[in-house]
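Numbering of ligands and ligand atoms starts at 1, following listing order.
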Amino acid sequence: MKKLPEHFIFGGASAAYQAEGATKEGGKGPVAWDEFLEKQGRFLADPASDFYHKYPEDLELCSMFGINGIRISIAWSRIFPQGRGEVNRKGVEYYHDLLKEAKKRNIKVFVTLHHFDTPKALFDQGDFLNRDTIDAFVAYAQFCFEEFPEVEYWTTFNEIYPIATNQYLLGIFPPGIKYDLTKVIACLHNMMVAHAKVVNLFKESGFHGEIGVVHSLETKYPASNSPEDMHAAFLDDALSIRFLLDATYKGRYSKETLEALDEICQANDAVYDFPEADLLELEKAKDRNDYLGINHYQSHFVKAYNGENAIHHNGTGDKGTGSYKVKGIGERIYKEGLERTDWDWIIYPEGLYDLLLRIKKDYPNYKAIYITENGMGYKDEFKDGIIMDKPRIDYIKKYMSALADAIEAGVNVKGYFLWSLMDVFSWSNGYNKRYGLFFVDFETQKRYPKESAYWYKQLAETKTLL
Ligand code: NOJ
């Protein structure tokens, strides 16, 4: 029997574009996704979970099921339809109302400023590859800090690495560019600079509350003990984990990170440039993060690979169709005997434990950690309002148990947000990949608690993993 701490947050996570729907309502400005999804013709972000109108009902469900924290994001283009300039008061009021409703119910709210949804006007000018976007982001953040003093927990960005790679390596996010490592690195770096600038502004202006960033950190292991595989795992880790944690907590890129970067760039004819002024900004912010948010779903096993880039993203849930081979880095393989989801995500809770202990050791100034996303994409079966999602319960149980062990070993983890609170729209899968504690009938928008919601409730009440 394992226990979680007394004041732990048992939360549920969501994001504006995936939950709100109403993409053209209330004066919201466009984002690149609107057009990208229309052209793709598979699914749209309307209606999503209609959180724009249904949030009181979802918060009521939180209260009923012991959920004492939620993650939401502010849609930048609801506040500034063109990314900067004129403010849309209707959008501002919507978030005030939502925050008020949560406060009434004693639900802590973690607010992300950017969850994959740069306003189209800025996106079309290069998104974060264009340094002007950094300034627009800082101005938007400042506006939010002044406008929403009721927010206690701010997050600058959600998942910088998946943004950079899905946009410029896998090409599954707009603008759909593949295998461009120069753009991947520039995007990673510029977003980290934007994060640091916002953190510095927040602390220097004395705004109320806490601030942090959410990184997607998926542990890398070598596929075997051969020096080649160990090196491949090191390279994959350097680009996806070390780069971001160095920038966040060391305020510079370490020698090992830069060596890995040079090797990756050489193989891909890529280049990078990190101006001195940027590094000073990172350096100033490194001890000012109040917490680190970690999104963690899976681990990767990496094998040496010398061929051309070849990635196939499994965005349909057809198990076994995914493949990932990157020139100058390595190939991610499936390990015999390890479970994986229909989307080929390897279930390996030890990966979370190892990751947390590594952060404690290598980045001791992390202060506090929240698991801001973890959960299982699953094709839930709906039978007369009953949803028996046992595999999801098993998944959460295993990961929470690893988490409890890490806390026991001295890592300061203060909360867990299951992805997702209710079923939401998925960027590359649409509506068939469900994660929620609450099943959403996307036609009627009716909510139904799944078996996992009842399980989560008893966990939140007893703080005991049975
Ligand atoms: C991470 C992202 O933050 C979220 O938007 C996404 O839907 C989940 N992972 C599941 O893939």
Please tabulate, one line per pair, the protein nitrogen or oxygen atoms found under 3.5 angstrom from a nitrogen or oxygen of ligand 1, with distances to 0.1 Å, or say none if there are no such pairs.
{"unit_1": "ligand 1", "atom_1": "3 (O)", "unit_2": "H115", "atom_2": "NE2", "d": "3.1"}
{"unit_1": "ligand 1", "atom_1": "3 (O)", "unit_2": "N158", "atom_2": "ND2", "d": "2.8"}
{"unit_1": "ligand 1", "atom_1": "3 (O)", "unit_2": "E373", "atom_2": "OE1", "d": "3.3"}
{"unit_1": "ligand 1", "atom_1": "3 (O)", "unit_2": "E373", "atom_2": "OE2", "d": "2.7"}
{"unit_1": "ligand 1", "atom_1": "5 (O)", "unit_2": "Q18", "atom_2": "OE1", "d": "2.6"}
{"unit_1": "ligand 1", "atom_1": "5 (O)", "unit_2": "H115", "atom_2": "NE2", "d": "2.8"}
{"unit_1": "ligand 1", "atom_1": "5 (O)", "unit_2": "W427", "atom_2": "NE1", "d": "2.8"}
{"unit_1": "ligand 1", "atom_1": "7 (O)", "unit_2": "Q18", "atom_2": "NE2", "d": "2.9"}
{"unit_1": "ligand 1", "atom_1": "9 (N)", "unit_2": "Y297", "atom_2": "OH", "d": "3.4"}
{"unit_1": "ligand 1", "atom_1": "9 (N)", "unit_2": "E373", "atom_2": "OE1", "d": "3.1"}

Using the ring of Y324 (Phe, Tyr or Trp, six-membered ring only), decide whether R332 places NZ or CZ under 6.0 Å from its centre and within 45 degrees of its axis. yes
Evaluate the salt bridge (Lys or Arg N to Asp or Glu O under 4.0 Å) criterion for residues D34 and K24: first the C-alpha distance (whole Å), next the side-chain angles of each, then the deciding distance (0.1 Å), finally the verdict. CA-CA 10 Å; D34 302 339; K24 296 184 179 64; 5.4 Å; no
What heavy-atom pair brings Y435 and G377 nearest, and what distance separates the two atoms? CE2-N, 3.0 Å
What pair of heavy atoms forms the shortest contact from F439 to I387, and how long is it?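 Scanning both residues completely, I find the closest heavy atoms to be CB-CD1, 3.5 Å.
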Partners meeting side chain to side chain donor-acceptor pair (under 3.5 Å) with E451 (sequence neighbours left out):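 Scan of E451 (side chain to side chain donor-acceptor pair (under 3.5 Å), adjacent residues dropped) gives none.
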Working to the nearest 0.5 Å, report the span between CG of D117 and CD of E20. 8.5 Å
